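This report concerns only the one structure given below.
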Amino acid sequence: MSAETSVVAGQFTRRKRQFRAWRGSRPFWAGLFVMLGGLPIAYFPYANLQIGHLTLAMATTAGAGSLIIGVLLVVLGFSLWFQRHVRTFAGIAAILLALVSIPVSNLGGFLIGFLFALIGGAMAVAWAEGEPSATTTTGTATTTGTATTTGTATDKAPQGTDRIPGQAGERDDPPGAAPANEVNGRHSAG
């Protein structure tokens, strides 16, 4: 093995991690499904199927509508990848275009494009950006940045001060008991 081999492997690993980070910060799979849904919707009305010497043309009078729907779905898929803040609009638009493709485009690209676009649109609407994890990697060990706390609110009171019951949101009830002290008629969960 040469020194260049390890550099290429390290660069591949780094690019793979970058792609995973990019993919995880946007509705990647929703965009891919929406794009894959647009392809059969746009393709089938212009396709000619050859069965031996028999040519079956599937061109319909709504070929232009099918092309427009397919291209719009592909554009919506790309917008989900690169403009993640429009995910709700793009998801709803993909669902509506998938539904419109049923009567316009050979049953939505023989239901293949319809299902891909419908599922991708639903995934786009349901996608929510996750919170960045507080994970730090040290050598081979991985630790999380969460801290555990023990004790009660009375244990964390500053030294030398007397705690007054019911002051500043502190509770006198034991954990798991029903709240006895209500604030403004509201019950505290907890």
Side-chain angles (χ1 to χ4, degrees), residues 10-49 58-138 142-149 169 179 182-190:
Q11 185 178 18
F12 176 75
T13 304
R14 185 171 50 91
R15 295 284 185 203
K16 185 175 163 184
R17 285 184 187 151
Q18 286 176 343
F19 177 70
R20 281 186 181 170
W22 178 82
R23 186 184 70 195
S25 66
R26 60 201 71 245
F28 176 80
W29 294 108
L32 184 65
F33 272 51
V34 170
M35 280 189 275
L36 288 176
L39 294 177
I41 290 173
Y43 175 74
F44 285 136
Y46 295 101
N48 291 329
L49 183 62
M58 292 191 252
T60 63
T61 56
S66 300
L67 183 65
I68 290 170
I69 290 172
V71 168
L72 283 175
L73 284 171
V74 170
V75 168
L76 286 172
F78 275 114
S79 70
L80 284 169
W81 279 2
F82 297 109
Q83 301 290 328
R84 63 180 177 224
H85 60 277
V86 298
R87 67 173 179 81
T88 305
F89 167 76
I92 292 171
I95 291 170
L96 290 176
L97 286 171
L99 291 171
V100 168
S101 73
I102 290 175
V104 171
S105 175
N106 296 331
L107 292 174
F110 297 116
L111 296 179
I112 298 168
F114 165 73
L115 289 175
F116 272 119
L118 192 68
I119 291 169
M123 288 170 59
V125 171
W127 183 81
E129 188 169 3
E131 295 179 18
S133 63
T135 304
T136 57
T137 305
T138 312
T142 303
T143 59
T144 58
T146 58
T148 58
T149 59
E182 300 171 3
V183 179
N184 294 335
R186 295 182 183 174
H187 296 278
S188 164

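Model, not experiment: these values are computed from the prediction. Start at 1 with the first residue, then count along the sequence.
Formation of a donor-acceptor pair under 3.5 Å by the Arg87 side chain with backbone atoms of Trp127 is found in this model.
In this structure, Leu72 CG and Ser79 OG are separated by 10.0 Å, a value rounded to the nearest 0.5 Å. Taking CG of Leu97 as the reference point, atom CZ of Phe114 lies at 12.0 Å (rounded to 0.5 Å). If you take OH on Tyr43 and CZ on Phe110, they are separated by 11.0 Å, rounding to the nearest 0.5 Å. With values rounded to the nearest 0.5 angstrom, Ile102 atom CD1 is found 10.5 Å from Ile69 atom CD1. Taking CD of Gln11 as the start and CD of Gln18 as the end, the distance is 9.0 Å to the nearest 0.5 Å.
Nearest heavy-atom pair, Ala30 versus Gly120, reported as atom, atom and distance to 0.1 Å: CB-O, 3.4 Å. The two atoms that bring Ala94 and Gly121 nearest to each other are CB-CA, 4.1 Å, heavy atoms only. Contact record, Gly91 with Ala124: CA-CB, 3.8 Å, taken as the closest heavy-atom pair. The two atoms that bring Gly109 and Ile41 nearest to each other are N-CG1, 4.1 Å, heavy atoms only. Closest approach of Ala117 to Leu73, counting heavy atoms only: CB-CD1, 3.9 Å. Residue Trp22 comes nearest to Arg26 through the heavy atom pair O-NE, 2.9 Å, listed as atom of the first residue, atom of the second, then distance.
When the ring-ring contact (aromatic ring centres under 6.0 Å, His included) test is applied to Phe89, no partner is found at least two apart in sequence or on another chain. Legend: residues meeting side chain to side chain contact (heavy atoms under 4.5 Å, CB included) with Arg20, ordered by chain and number and at least two apart, are Lys16, Arg23. Among residues two or more places apart in sequence or in another chain, the ring-ring contact (aromatic ring centres under 6.0 Å, His included) test is passed with Phe33 by Phe116. Applying the side-chain hydrogen bond (donor to acceptor under 3.5 Å, both in side chains) test to Arg17 and every residue at least two apart in sequence or in another chain returns nothing. With sequence neighbours excluded, the residues that form a side chain to side chain contact (heavy atoms under 4.5 Å, CB included) with Ile95 are Leu99, Leu118. Remark: Val71 pairs with Leu67, Val75 by the side chain to side chain contact (heavy atoms under 4.5 Å, CB included) rule, at least two apart or across chains. Considering only residues two or more places apart in sequence or on other chains, Ser25 meets the side-chain hydrogen bond (donor to acceptor under 3.5 Å, both in side chains) condition with Arg84. For Leu96, the side chain to side chain contact (heavy atoms under 4.5 Å, CB included) criterion is met by Ile92, not counting sequence neighbours.
A parallel orientation is assigned to the rings of Phe82 and Phe78, their planes being inclined by less than 30° (bins at 30° and 60°).
Counting heavy atoms from C-beta outward, Met123 and Ile119 have side chains that approach closer than 4.5 Å.
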